[in-house]
Number of protein chains: 2
Amino acid sequence: MATRTHKHTDTHAFPKPGHNHDRCTADALKKAAAVCAQRKTRLTDIRREVLELVWKSHVPVGAYDILSQLNSGGGRTAPMAVYRALEFLLENGLVHRLASLNAFIGCAHIGKDHHAAQFLICRVCETAAELDSAPLTRALTQAVAERGFTIDSQIVEISGFCPHCSPPT
Amino acid sequence: MATRTHKHTDTHAFPKPGHNHDRCTADALKKAAAVCAQRKTRLTDIRREVLELVWKSHVPVGAYDILSQLNSGGGRTAPMAVYRALEFLLENGLVHRLASLNAFIGCAHIGKDHHAAQFLICRVCETAAELDSAPLTRALTQAVAERGFTIDSQIVEISGFCPHCSPPT
DNA sequence: TTGTATATGTTATAACATAACATTATACCA
DNA sequence: TGGTATAATGTTATGTTATAACATATACAA
Ligand SMILES: [Zn+2]
Ligand SMILES: [Zn+2]
Ligand SMILES: [Zn+2]
Ligand SMILES: [Zn+2]
């Protein structure tokens with residue numbers, strides 16, 4: 001028998017180039033529906049469409065990119081609609097916003113109530129992944145407390161080179 | 001004799017409400033001039049003016065705020081001029097940009113080549129201060145390395161309540 | 001001084017985000 | 001079921017942040 005469960009993607013691995021991303025998307029949408037049901041919030045059409053577009057890849061996507069994809073079939077959706085959908089998704093912990101990119105990415109740990117918002121962002125393939133490191137959070141909490149500061153929210157965004165992309169020589 | 005030097009502001013203390021801020025500014029400008037001399041870059045009029053405006057307080061300031069202050073006397077400076085000055089100041093390590101605020105703040109550790117860019121930002125008084133914690137940096141480096149990631153640059157911005165401002169009850 | 005690199009001026013536009021108010025859909029109770 | 005409140009979306013306009021492109025001016029060294 002197996003000594004550990006074998007999910008299609010290890011939560012702690014940086015997304016691999018050729019992985020079955022359809023399963024990431026399906027998984028996220030399923031969990032999103034569950035979260036909304038539990039919280040009695042409504043995952044309406046446009047909200048789901050935006051969530052699906054965010055999950056098109058692991059590369060953070062801008063609000064206006066989402067907008068143009070929505071309108072690529074001749075639609076006339078306005079920016080407000082996208083921003084409102086994103087606001088809903090943020091409030092419900094279904095997506096994150098990356099301040100350093102002005103872009104959004106699907107949350108990889110829906111329901112886990114992390115809200116740590118620690119990210120690794122590859123400069124080459126532009127993939128972003130959550131780094132919700134407990135030791136890092138502890139060090140951060142400790143360092144902040146030493147300054148007499150009380151944390152309300154944190155942003156940790158680390159830019160560099162992912163395991164699948166080499167730094168330029 | 002004193003067992004420790006007594007700078008007018010402890011580098012590790014969060015800026016106090018009533019401190020002698022003129023000295024912060026004078027200090028920063030002096031060091032900025034020294035850095036530019038050493039690096040053979042030119043601290044021109046507009047660059048110095050922008051740096052002075054950034055140092056008006058410990059509250060991060062937006063590019064267009066700087067612009068309107070520059071133009072408050074009837075000037076006609078364009079946004080480009082401000083952004084170019086800010087770009088120069090960033091490149092020379094004289095100011096930092098806070099991604100979570102789209103705003104700029106004077107570097108409190110000019111010359112120390114930290115480039116860590118770890119900040120504490122008070123939600124009440126809006127003051128921002130550099131954290132630059134070595135243990136935090138170590139934890140971060142470690143956590144990132146465990147994921148097979150190579151750091152190029154980091155953003156750490158912590159929002160909360162400074163030692164001089166109470167959290168809302 | 002004269003060429004070259006650096007800096008600034010100028011105009012326009014791109015990119016990101018929200019305000020304000022009208023309309024439509026949904027939930028939920030009488 | 002119908003009425004009413006709430007939530008969601010539509011629509012128009014505007015605010016805010018940042019950069020592109022090209023012209024002119026200034027500094028500085030050969
Ligand atoms: Zn995937
Ligand atoms: Zn990569
Ligand atoms: Zn000060
Ligand atoms: Zn404060």
Side-chain angles (χ1 to χ4, degrees), chain A residues 32-33 35-54 59-71 73-92 94-105 126 155 157, chain B residues 32-33 35-54 59-71 73-92 94-105 126 155 157:
Chain A
V35 164
C36 289
Q38 198 227 316
R39 300 183 57 159
K40 299 202 203 310
T41 57
R42 294 167 49 206
L43 189 59
T44 60
D45 286 353
I46 188 158
R47 288 167 179 175
R48 179 171 25 247
E49 285 167 41
V50 169
L51 185 58
E52 284 170 4
L53 289 172
V54 164
V59 177
V61 58
Y64 278 77
D65 287 341
I66 293 169
L67 182 65
S68 44
Q69 289 194 254
L70 275 178
N71 286 340
R76 294 239 171 279
T77 304
M80 270 311 302
V82 173
Y83 279 102
R84 284 199 280 231
L86 287 169
E87 184 184 27
F88 171 88
L89 296 171
L90 286 168
E91 282 171 352
N92 286 273
L94 304 177
V95 303
H96 294 285
R97 180 174 186 276
L98 299 183
S100 60
L101 301 175
N102 293 332
F104 302 83
I105 189 169
E126 300 183 81
I155 291 176
E157 296 178 16
Chain B
V35 164
C36 290
Q38 199 228 315
R39 300 183 56 159
K40 301 202 202 308
T41 57
R42 296 165 49 205
L43 189 60
T44 60
D45 285 353
I46 188 160
R47 290 167 178 175
R48 178 170 30 246
E49 284 167 42
V50 169
L51 184 58
E52 284 171 3
L53 288 171
V54 164
V59 177
V61 59
Y64 280 78
D65 287 342
I66 293 170
L67 182 64
S68 44
Q69 289 194 256
L70 275 177
N71 286 339
R76 294 239 173 278
T77 303
M80 268 313 302
V82 173
Y83 279 102
R84 285 200 280 232
L86 288 169
E87 184 183 27
F88 171 88
L89 297 171
L90 285 168
E91 283 171 352
N92 286 273
L94 303 177
V95 303
H96 293 284
R97 180 173 187 276
L98 299 183
S100 61
L101 301 175
N102 294 332
F104 302 83
I105 190 170
E126 301 183 80
I155 291 177
E157 297 178 16

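Atoms considered below: every heavy atom in the structure, side chains included; atoms not considered: hydrogens, waters and symmetry mates. Throughout, protein chains are lettered first and strands after them, A, B, ... in sequence-line order, and every chain is numbered starting at 1.
Take A/Glu52 and apply the side-chain contact (heavy atoms from CB on, under 4.5 Å) test, not counting sequence neighbours, and it matches A/Leu29, A/Arg48. Qualifying side chain to side chain donor-acceptor pair (under 3.5 Å) partners for B/Gln69, counting only residues two or more places apart in sequence or in other chains: none. Residues satisfying the side-chain contact (heavy atoms from CB on, under 4.5 Å) test with A/Ala63, not counting sequence neighbours, are A/Val82, A/Tyr83, A/Leu86, A/Phe104. The side-chain contact (heavy atoms from CB on, under 4.5 Å) test applied to B/Arg42 returns B/Thr44, B/Arg47, not counting sequence neighbours. Legend: residues meeting side chain to side chain donor-acceptor pair (under 3.5 Å) with A/Asp65, ordered by chain and number and at least two apart, are absent. Applying the side chain to side chain donor-acceptor pair (under 3.5 Å) test to B/Glu157 and every residue at least two apart in sequence or in another chain returns B/Ser100. Applying the side-chain contact (heavy atoms from CB on, under 4.5 Å) criterion to B/Ala81, with sequence neighbours excluded, gives B/Ile46, B/Thr77.
Proximity of residues 36-47 of chain A to DNA chain D (heavy atom under 4.0 angstrom from any strand atom) is restricted to A/Arg42, A/Thr44, A/Ile46, A/Arg47.
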Summary of protein contacts for nucleotides 14-24 of chain D, nucleotide by nucleotide, where a base hit scores B, a sugar-phosphate-only hit scores S (4.0 Å, heavy atoms) = ---BBBBB---

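For the pair B/Thr41/B/Val35, no side-chain contact is recorded, criterion being any heavy-atom separation below 4.5 Å from C-beta on.
Taking atom CG on A/Asn71 and atom C1' on D/dG10, their separation rounds to 13 Å, with Å as the unit.
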